[in-house]
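Notes follow the structure.
Numbering of residues begins at 1 and proceeds along the displayed sequence.
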Amino acid sequence: MARHTSSSGSGVFVSVLTVAALGVVAFFAYQASAADERPPRTSEQTEESPAPEDEADGGGDGGAGAEAEEPPLPAESGTGKRVVYALGQQRVWLVDVAQDGTGEVVLDTFPVYPSSVSPEPGEYAVTSRSPNGTGSDGVAIEHTVIFHSADDVVFGFSAAIDGSTPDPEAAQRTGAVRESREDGAAMWEFATENVTVVVVP
């Protein structure tokens with residue numbers, strides 16, 4: 001009877017070990033499965049997702065695509081319909097009287113490229129115009145608007161057909177004020193004969 005009892009006890013003990021081992025295997029299998037289904041860590045999500053402020057300003061580029069604000073019309077630059085040419089800024093403004101007659105409006109402003117000689121600050125007027133021709137520097141030009149001449153130098157706005165700009169350091173004395181072809185067309189439409197041209201420092 002003692003031997004039979006010992007054999008039964010051993011069988012029970014082996015069965016308990018087997019069940020325990022199976023339980024451990026099942027537990028680790030469950031952990032592995034749960035790990036596969038677990039969402040990424042919060043830190044990983046933060047690294048991959050743009051910050052709210054980046055989304056608000058278009059990807060964090062500081063709004064680089066926004067156009068720069070245009071320079072204001074210089075003070076004390078005349079009144080009425082006129083072209084204002086600022087020597088220091090190398091820029092012109094096309095200014096007209098508002099339709100309601102209560103003020104002025106800047107129709108356009110754009111950069112220009114002076115030659116070796118510039119006119120003195122003052123008030124002038126458009127004296128002649130030419131749709132095309134050759135500049136004093138030998139460059140083919142269009143939309144020439146002449147407003148002054150002094151000491152054998154003719155001052156006027158024009159656009160080079162090839163898009164080139166004059167050399168302000170050239171030895172030859174020339175007074176061309178060059179524009180892009182698009183801006184030259186705008187000047188041509190606006191600055192008809194006798195329109196005032198105000199040159200400011």
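Not counting sequence neighbours, Thr134 has no partner by the side-chain hydrogen bond (donor to acceptor under 3.5 Å, both in side chains) test. Among residues two or more places apart in sequence or in another chain, the side-chain contact (heavy atoms from CB on, under 4.5 Å) test is passed with Val199 by Tyr85, Leu87, Pro119, Tyr124, Phe147, Val197. Evaluation of the side-chain hydrogen bond (donor to acceptor under 3.5 Å, both in side chains) rule for Ser130 yields no partner, not counting sequence neighbours.
Here the shortest heavy-atom pairing between Val195 and Phe190 reads CG2-O, 4.0 Å. Closest heavy-atom contact between Pro166 and Ala176: CG-O, 4.4 Å.
Counting only heavy atoms from C-beta outward, the side chains of Pro121 and Pro201 approach each other to under 4.5 Å. At a threshold of 4.5 Å between non-hydrogen side-chain atoms, the residues Val117 and Phe155 count as touching. By the 4.5 Å heavy-atom criterion applied to side chains, Val83 and Val198 are not counted as neighbours. Side-chain contact between Val139 and Ser164 is present, with heavy atoms from C-beta onward closer than 4.5 Å. Side-chain contact between Gln89 and Pro74 is present, with heavy atoms from C-beta onward closer than 4.5 Å. For the pair His143 and Ser158, the minimum side-chain heavy-atom distance is 4.5 Å or more. For the pair Thr174/Val153, no side-chain contact is recorded, criterion being any heavy-atom separation below 4.5 Å from C-beta on.
In terms of hydrophobic clustering, with Ile, Leu, Val, Met, Phe, Trp and Tyr side chains grouped at heavy-atom distances under 4.5 Å, Leu73 and Val92 are assigned to different clusters. Hydrophobic cluster membership is shared by Val126 and Phe157, with clusters built from Ile, Leu, Val, Met, Phe, Trp and Tyr side chains linked at under 4.5 angstrom. Criterion: ILVMFWY side-chain heavy atoms under 4.5 Å apart, direct or through other members. Under it, Val112 and Val145 are part of a common hydrophobic cluster.
Applying the salt bridge (Lys or Arg N to Asp or Glu O under 4.0 Å) test to every pair with at least one member in residues 136-151, sequence neighbours left out, gives these pairs: Asp137-Arg178, Glu142-Arg181. For the side chain to side chain donor-acceptor pair (under 3.5 Å) condition, the pairs that include at least one residue of residues 97-114, sequence neighbours left out, are Arg82-Glu104, Arg91-Thr109, Trp93-Thr109, Asp100-Thr102.
The CG atom of Asp183 sits 8.5 Å away from atom CG of Leu94, with the distance rounded to the nearest 0.5 Å. Residue Ser180 holds its OG atom at 10.5 Å from CE of Met187, rounded to the nearest 0.5 Å. Considering CZ of Phe110 and CD of Glu179, their distance stands at 5.0 Å, rounded to 0.5 Å. How far OG1 of Thr144 is from CH2 of Trp188: 7.5 Å, rounded to the nearest 0.5 Å.
Counting Ile, Leu, Val, Met, Phe, Trp and Tyr side chains that sit under 4.5 Å apart, directly or through other members, Val97 stands alone, with no cluster partners.
Annotation: Gln172, atom CD; neighbour count of heavy atoms from other residues, nucleotides and ligands within 6.0 Å is above 12. Shown here is Asp162, whose CG atom has more than 12 heavy atoms of other residues, nucleotides or ligands within 6.0 Å.
If you run side chain to side chain contact (heavy atoms under 4.5 Å, CB included) between Lys81 and each of Leu107, Thr196, Asp96, only Asp96 comes through.
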